[in-house]
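One structure is given below, encoded as structure tokens.
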Amino acid sequence: MRLAELQSAFMANVLDDGGEMPGGWGKAHSNGLNVYRGNYRNSQIEALRDTYAKTQGWAGEEPFKQAAINHVIANPCASWTIDDAGARFDETCARFFKDAPEVAELAWLEWAMLVAFSSADTKPLDLEQFGLQTSVFGEEQWLGLQLELVPDLAARITEFDLNAMWRWVEGGQGARPDYHLSQPSGVFVWREDERATFQMVATDEVEVVQAVQSGQSYGEICMMLAGSNPSPEQAQEAAMRAGGILGRWVQEGFVTALKT
């Protein structure tokens, strides 16, 4: 057997307990492979513990471990870095913790923060730069304006108070907070200077982020916020809301460039 074929057969057996052993391998090889497979999976589980420390703190050590085992068996890491073993773990949690859907949302948050922390360095526009660039805009330029946002800005709608859950796990004391929101909220994740952070926001801001990231213009976003067949008053309110969101994003450092 050629070396490449032997390596391929070896990895197939590491990833699959029921894989066919390479020709000429006996019981001793099988026993050694079982030990290696166990170490390989344990290293991925430990990586998940590091990446999802808050999720483990919320879900509990043993339930988390069972979900982690399920994940590394179903989703073996093929990346050059073991950190990527945590990719899509929120999907595993959604299946594993069906009666506790907040666990999957907390896992999503931790992964988004890891991705944001590793994102490329950028220099956001400040209010003065934004004002200078838009001072000569006419109506056509405003309607066609497109925004470039900080890389790996993640956003989603949540049913749970992720901020309260995060603080509770960090504190490690007292009764669990009332983490069910009375109405859905949005959450943003991004890197601020040298640290990843998150913020609860209005749900329409999540829709606007997704629209911006898909390439929609400022004018199209105003129309989206206004809804179908808006009255003149509704159209005006939507334009004011879009302007308020844009202003806040510039203040928060989310906007890196303008395109017209």
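- The nearest pair of heavy atoms linking P230 to A235 is CB-N, 4.2 Å.
- Between R49 and E46 there is a salt bridge, since at least one side-chain N of the basic residue sits less than 4.0 Å from a carboxylate O of the acidic one.
- We find the CG-CG distance between L143 and L145 to be 9.5 Å, quoted to the nearest 0.5 Å.
- Side-chain contact between V206 and F188: present, with at least one pair of heavy atoms (C-beta onward) separated by less than 4.5 Å.
- Between the side chain of E159 and the main chain of E105, no donor-acceptor pair closer than 3.5 Å is present.
- Residue P177 comes nearest to A164 through the heavy atom pair CG-O, 3.8 Å, listed as atom of the first residue, atom of the second, then distance.
- When hydrophobic residues (I, L, V, M, F, W, Y) are linked wherever their side-chain heavy atoms come within less than 4.5 Å, the members clustered with Y179 are W58, F96, F97, V103, L106, W108, L109, M113, F160, L162, M165, W166, W168, V169, L181, V187, V189, F198, M200.
- Pairs engaging residues 115-125 under the side chain to side chain donor-acceptor pair (under 3.5 Å) rule: D121-R191 [sequence neighbours left out].
- The shortest distance between side-chain heavy atoms of L153 and Q213 falls below 4.5 Å.
- Within the model, atoms CH2 of W249 and CG of L125 stand 13.5 Å from one another, a figure rounded to the nearest 0.5 Å.
- The backbone N or O of G215 lies less than 3.5 Å from a partner atom in the side chain of Q146, making a donor-acceptor pair.
- Taking each heavy atom of A107 and C93 in turn, the nearest pair found is CB-SG, 4.2 Å.
- Minimum interatomic distance between L48 and A85 (heavy atoms only, all atoms of both residues): CD2-O, 3.7 Å.
- Between I221 atom CD1 and S214 atom OG the span is 8.0 Å, to the nearest 0.5 Å.
- Distance alone, capped at 3.5 Å, places no donor-acceptor pair between the T134 side chain and the F137 backbone.
- R156 has its side chain out of reach of Q210: every pair of non-hydrogen atoms, C-beta onward, lies at least 4.5 Å apart.
- Between F254 and R248, some side-chain heavy-atom pair lies under the 4.5 Å cut-off.
- Once rounded to the nearest 0.5 Å, the distance linking CD of Q141 with OG of S217 reads 13.0 Å.
- No donor-acceptor pair closer than 3.5 Å links the side chain of Y52 to the backbone N or O of D90.
- At least one side-chain heavy atom of L246 sits under 4.5 Å from a side-chain heavy atom of Y218.
- Crowding of M223 atom CE: a count of heavy atoms from other residues, nucleotides or ligands under 6.0 Å not exceeding 12.
- Minimum interatomic distance between V209 and A155 (heavy atoms only, all atoms of both residues): CG1-CB, 4.0 Å.
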Inset, instruction - Output, in order, the C-alpha distance, side-chain angles, deciding distance and verdict of side chain to side chain contact (heavy atoms under 4.5 Å, CB included) for V250 and D126. - result: CA-CA 6 Å; V250 173; D126 59 27; over 6 Å; no

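- Summarising the local packing, CD of E128 is surrounded by 12 or fewer heavy atoms from other residues, nucleotides or ligands at distances under 6.0 Å.
- Between the S135 side chain and the L132 main chain, a donor and an acceptor come within less than 3.5 Å of each other.
- Residues T197 and E192 bring no donor and acceptor atom of their side chains to less than 3.5 Å of each other.
- Between the side chain of H71 and the backbone N or O of E91 there is no donor-acceptor pair closer than 3.5 Å.
- In this structure, the separation between CD on E102 and CZ on R176 is 7.0 Å, given to the nearest 0.5 Å.
- Between V208 and M224 the shortest side-chain heavy-atom distance falls below 4.5 Å.
- Here the closest heavy-atom approach between residue I157 and residue P184 is recorded as CG2-CB, 3.9 Å.
- For the pair E110 (side chain) and K54 (backbone), a donor-acceptor distance under 3.5 Å is present.
- Note that the CD atom of E252 and the CH2 atom of W190 stand 5.5 Å from one another [nearest 0.5 Å].
- Using a 4.5 Å cut-off on side-chain heavy atoms (C-beta onward), D152 and F117 make no contact.
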